[in-house]
Trainee: 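Input: one structure, supplied below.
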Amino acid sequence: MDFHEYVGARRASLVRAAVLLGSPEGVAPGVVDATLASAASRIRGADDPDPEVYRRLLPALAGHRGTADWVEPAQIDPRDHAGFAVRRALAALSPEARDVAVLRWLAGLDGRATREALRIPAAALAEGSAAALAGLAVAAGPHRELDASEALNAAAQTIEVAPGPPIRPVGRRNTRIVVGLAALTLVLAGTAAVALRGSQSPAPGPAPVPPAPDRLSSEQVPSLFGYDAAHARRLLEKSGLTVFEELAQRCEVAGRVVATDPGVGEPLSPGERITVSLAQPSDPRCMDGYSERAAAWRFIDFANGRGPAPRFARTVYVVYNGSPPSAVTGRNAGLPAGIPALDEIRALSGRVLRTSTGYATPTLQVATRTPAPETCGIARPPAAGERQVLSLTLALGPDDSSRCPLMVDLYRNAAGVIDAVAVYSEKAGPTVSPTAVSPPPWVTGSRGR
């Protein structure tokens, strides 16, 4: 679609929608113009650019949206345009219901586009729609949504939109240069940017150096191994990305990130869209071992500082690469920094591996088992007997039987409380052994409660 034709046809309606979404009338035009400028390339390549534009507009409005009380009832004459009554009704809705109402029945987005723009599940969309229809006093019947659309359009007509200045598109550059980012910042601030152009093309520089095998630059999509939706969104939005979520049918704990588009290691620019796929284990077979895998992820979240401590016994014994058990005390206080189990998990979770086709990230295998007498040449904790463990195996790269992955065995007592942690490092050979300060539970028979 032609960018300027789209702006001419849709700018006024976008400004009105921004006001009904909570933006002050004096602010909405500037935010809309900046959003249109940043979305120019997507508008040109789309048959229907509206969903993409609204996906970008909502985050841009985030810092300007008020409490929807932008219509002062005392200043409204009941004999005025009926749309003012609709605006009063919108002001009384919850922000969630108001957003659904504006996107569905003013912007005309379908259910999926509305969910993506608002980053909400289908259930929340249904709840918001029902609340909006009730709050707008739309009578039940087969034409409820048509009536709601008429009401929202009446409200929109109460908002006057003055013509705006020409909008200069901000497109993607083939090279990431500071001038381009500065120009974008100036556009967002509502000022004019001056592009500096040389009369000659610069001489080609040296070939770029590929990233180190296990490191990514700040201009590449990061690894989201172990992330849930909330922490992934926080990380990506700090990088200036516009985040959208979709559900993927995977046998993984619900809500865990299983993929991104663009993928790990792909180049990115602030303002770009990234889609995060979240696990939805819909197959009944996914329930086999589900609770064990969820418990494993909770321990990894704790190790990475993204979740609370799991249930620990009053005394927890730590064995690292066959060392004598050392004791950590303090019931449910969590293992302190410096414990090898946490250090090893933190280090591996953030790594990536450069491959011929892209980047590989860690994998997690979970099993409930009785540890073998020897793991990677290291004997299991002495006198552990036949106690079962929740075993976490974290690996990076191709399956190579000559290399030992990181393994963490969580010993749990009858109440499901962790009373011992055994770590088998990726590193070759045992480390210097810490001194055991008390006998481990598997020697004394005490469970460390």
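This is a predicted model, so every value here is computed, not measured. Residues take their numbers from the sequence shown, with the count starting at 1.
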Trainee: Nearest 0.5 Å, what's the CG-OG1 distance between Leu236 and Thr260?
Mentor: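 Answer rounded to 0.5 Å: 8.0 Å.
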
Trainee: Do Leu14 and Tyr54 make a side-chain contact, defined as non-hydrogen atoms from C-beta onward lying under 4.5 Å apart?
Mentor: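 Of all side-chain heavy-atom pairs linking Tyr54 with Leu14, at least one is under 4.5 Å.
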
Trainee: Using the six-membered ring of Tyr227, assess whether NZ or CZ of Arg256 lies under 6.0 Å from its centre and within 45 degrees of the ring axis.
Mentor: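 Here Arg256 fails the 6.0 Å and 45° test against Tyr227.
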
Trainee: Is the backbone of Ser38 close enough, under 3.5 Å, to the side chain of Arg56 for a donor and an acceptor to pair up by distance?
Mentor: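 Judged by distance alone, yes, a pair lies under 3.5 Å.
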
Trainee: Between Glu344 and Tyr320, does any side-chain donor sit less than 3.5 Å from a side-chain acceptor?
Mentor: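 Note: Glu344 and Tyr320 side chains meet the donor-acceptor criterion.
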
Trainee: In Å, rounded to the nearest 0.5 Å, how long is the span from CD of Glu5 to CZ of Arg44?
Mentor: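 Nearest 0.5 Å value for the CD-CZ distance: 12.0 Å.
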
Trainee: Taking the ring of Tyr290 and the ring of Trp297, is the distance between their centroids below 6.0 Å?
Mentor: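 No; Tyr290 has its ring centre 6.0 Å or more from that of Trp297.
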
Trainee: Could Arg119 and Glu237 be called an ion pair, given the rule that one side-chain N must be under 4.0 Å from one carboxylate O?
Mentor: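 Answer for the salt bridge query: yes.
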
Trainee: Rounded to the nearest 0.5 Å, how far apart are CG of Asp228 and CZ of Arg234?
Mentor: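 One gets 8.5 Å once the value is rounded to the nearest 0.5 Å.
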
Trainee: As an exercise, state the distance from SG of Cys251 to CG of Asp288, rounded to the nearest 0.5 Å.
Mentor: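 Output value for this atom pair is 8.5 Å.
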
Trainee: Which atom pair, heavy atoms only, marks the closest approach of Ala101 to Leu136?
Mentor: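 Shortest heavy-atom separation between Ala101 and Leu136 comes out as CB-CD1, 4.5 Å.
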
Trainee: Start with the C-alpha gap between Glu252 and Arg293, add the side-chain angles, then the distance that decides, and say whether side chain to side chain contact (heavy atoms under 4.5 Å, CB included) holds.
Mentor: CA-CA 8 Å; Glu252 181 55 275; Arg293 193 166 182 86; 2.8 Å; yes

Trainee: Heavy atoms, side chains only, cut-off 4.5 Å: are Leu235 and Pro222 in contact?
Mentor: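 Leu235 vs Pro222: side chains touch.
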
Trainee: Taking Ser94 for its side chain and Ala97 for its backbone only, find out whether a donor-acceptor pair lies under 3.5 Å.
Mentor: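 Pair found, side chain donor or acceptor close to backbone of Ala97.
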
Trainee: Are Asp33 and Arg11 within salt-bridge range, i.e. N to O under 4.0 Å?
Mentor: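 A salt bridge is present here (some side-chain N lies under 4.0 Å from a carboxylate O).
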
Trainee: Would a 4.5 Å heavy-atom cut-off, applied to side chains only, mark Thr363 and Leu396 as touching?
Mentor: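 Contact flag for Thr363/Leu396 side chains = no.
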
Trainee: Decide whether a cation-pi geometry holds between Arg387 and Tyr411; the criteria are a distance under 6.0 Å from NZ or CZ to the six-membered ring centre and an angle within 45° of the ring axis.
Mentor: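 Relative to the ring axis of Tyr411, which defines the angle, Arg387 lies outside at least one limit.
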
Trainee: I'd like to know if Arg298 pairs up with Asp301 as an ion pair, taking the criterion as any Lys NZ or Arg NE/NH1/NH2 lying under 4.0 Å from an Asp or Glu carboxylate oxygen.
Mentor: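 Answer for the salt bridge query: no.
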
Trainee: For side chain to side chain contact (heavy atoms under 4.5 Å, CB included), just list the numbers for Thr368 and Val389, CA-CA rounded to whole Å, side-chain angles, deciding distance to a tenth of an Å, and then say yes or no.
Mentor: CA-CA 6 Å; Thr368 301; Val389 299; over 6 Å; no

Trainee: Looking only at atom types and distance, does a side-chain atom of Gln157 sit under 3.5 Å from a main-chain N or O of Ala154, one as donor and one as acceptor?
Mentor: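 No: the side chain of Gln157 does not pair with the backbone of Ala154.
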
Trainee: For a quick test of reading the model, state the closest non-hydrogen atom pair linking Phe225 to Pro362 and the distance between them.
Mentor: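 Closest approach of Phe225 to Pro362: CD1-O, 3.3 Å.
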
Trainee: State whether a side-chain donor-acceptor pair under 3.5 Å links Arg369 with Ser391.
Mentor: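 The criterion, which ignores hydrogens and geometry beyond distance, is satisfied for Ser391 and Arg369.
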
Trainee: Quick one: does Tyr6's side chain get under 4.5 Å of Asp2's, heavy atoms only?
Mentor: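 They are not in side-chain contact.
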
Trainee: So, Ser239 side chain and Leu241 main chain: donor-acceptor pair closer than 3.5 Å or not?
Mentor: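 Checking the backbone N and O of Leu241 against the side chain of Ser239, no donor-acceptor pair under 3.5 Å is found.
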
Trainee: Do you know which two heavy atoms are closest between Arg98 and Gly22, and how far apart they sit?
Mentor: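 Of all heavy-atom pairs spanning Arg98 and Gly22, the closest is NH1-CA, 4.1 Å.
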
Trainee: Could you tell me whether a side-chain N or O of Asn304 sits under 3.5 Å from a main-chain N or O of Arg306, the two making a donor and an acceptor?
Mentor: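 Such a contact is absent between Asn304 side chain and Arg306 backbone.
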
Trainee: If you round to the nearest 0.5 Å, how far is CG of Leu20 from CG of Asn153?
Mentor: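 The CG atom of Asn153 sits 9.5 Å away from the CG atom of Leu20.
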
Trainee: If every non-hydrogen atom of Pro308 is compared with every non-hydrogen atom of Phe302, which pair is closest and at what distance?
Mentor: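 Closest approach of Pro308 to Phe302: O-CB, 3.6 Å.
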
Trainee: Got Val258 and Leu278 here, is their nearest side-chain heavy-atom distance under 4.5 Å?
Mentor: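 They are not in contact (no side-chain heavy atoms under 4.5 Å apart), so the answer is no.
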
Trainee: Does Arg16 reach the main-chain N or O of Ala156 with its side chain, forming a donor-acceptor pair under 3.5 Å?
Mentor: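 Answer holds: yes.
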
Trainee: Between Asp50 and Arg10, is there a salt bridge with N-O shorter than 4.0 Å?
Mentor: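 Yes, this pair counts.
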
Trainee: Do Ile274 and Asp261 have side chains that approach each other closer than 4.5 Å (heavy atoms only, starting at C-beta)?
Mentor: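 Contact flag for Ile274/Asp261 side chains = no.
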
Trainee: Over all heavy atoms of both residues, which pair between Glu25 and Pro29 is shortest? Give the atoms and the distance, please.
Mentor: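 Here Glu25 and Pro29 meet closest at O-CD, 3.2 Å.
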
Trainee: When you check the gap from the basic side-chain N to the acidic O, do Arg55 and Glu116 get nearer than 4.0 Å?
Mentor: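 Looking at Arg55 and Glu116, the cut-off is met.
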
Trainee: Taking side chain as C-beta onward, heavy atoms only, is Leu58 less than 4.5 Å from Leu118?
Mentor: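 Touching, per the 4.5 Å side-chain cut-off.
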
Trainee: Between Glu245 and Arg233 (salt bridge meaning N to carboxylate O under 4.0 Å), is one present in this structure?
Mentor: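 Here Glu245 pairs with Arg233 in a salt bridge, since their nearest N and O are under 4.0 Å apart.
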
Trainee: Please find the pair of heavy atoms, one from Ala303 and one from Ile345, that lie closest to each other, and give the distance.
Mentor: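 Scanning both residues completely, I find the closest heavy atoms to be CB-CG2, 3.7 Å.
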
Trainee: So Leu390 and Asp409, side chain to side chain contact (heavy atoms under 4.5 Å, CB included) or not? Walk me through it.
Mentor: CA-CA 6 Å; Leu390 180 64; Asp409 286 347; over 6 Å; no

Trainee: Counting only heavy atoms not in Gln388, do more than 12 sit closer than 6.0 Å to its CD atom?
Mentor: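 Atom CD in Gln388 is packed in, count exceeds 12.
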
Trainee: What distance separates Leu394 CG from Leu406 CG, expressed to the nearest 0.5 Å?
Mentor: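 The distance works out to 5.0 Å.
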
Trainee: I'd like to know whether Glu266 forms a side-chain hydrogen bond (donor to acceptor under 3.5 Å, both in side chains) with Tyr359, so could you lay out the CA-CA distance, the side-chain angles of the two residues, the decisive distance to 0.1 Å, and finally the verdict.
Mentor: CA-CA 9 Å; Glu266 291 293 317; Tyr359 289 89; over 6 Å; no

Trainee: Report the C-alpha separation of Val319 and Val421 in whole Å, then their side-chain angles, then the decisive distance to 0.1 Å, and conclude whether the side chain to side chain contact (heavy atoms under 4.5 Å, CB included) test is met.
Mentor: CA-CA 6 Å; Val319 178; Val421 179; over 6 Å; no

Trainee: Is a donor from one side chain sitting under 3.5 angstrom from an acceptor on the other, for Glu246 and Thr275?
Mentor: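 No.
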
Trainee: Is there side-chain contact between Arg104 and Leu125, with heavy atoms separated by less than 4.5 Å?
Mentor: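 Yes, side chains in contact.
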
Trainee: I'd like to know if the side chain of Thr242 reaches the main chain of Arg273, judged simply by a donor and an acceptor atom lying under 3.5 Å from each other, with no hydrogens or angles considered.
Mentor: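 Pair absent, no side-chain N/O of Thr242 close to backbone of Arg273.
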
Trainee: So, Thr35 side chain and Val31 main chain: donor-acceptor pair closer than 3.5 Å or not?
Mentor: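 Flag set: sc Thr35 to bb Val31 pair under 3.5 Å.
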
Trainee: Are Arg87 and Thr158 close enough that a side-chain donor and a side-chain acceptor fall under 3.5 Å?
Mentor: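 Arg87 vs Thr158: donor-acceptor pair found between side chains.
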
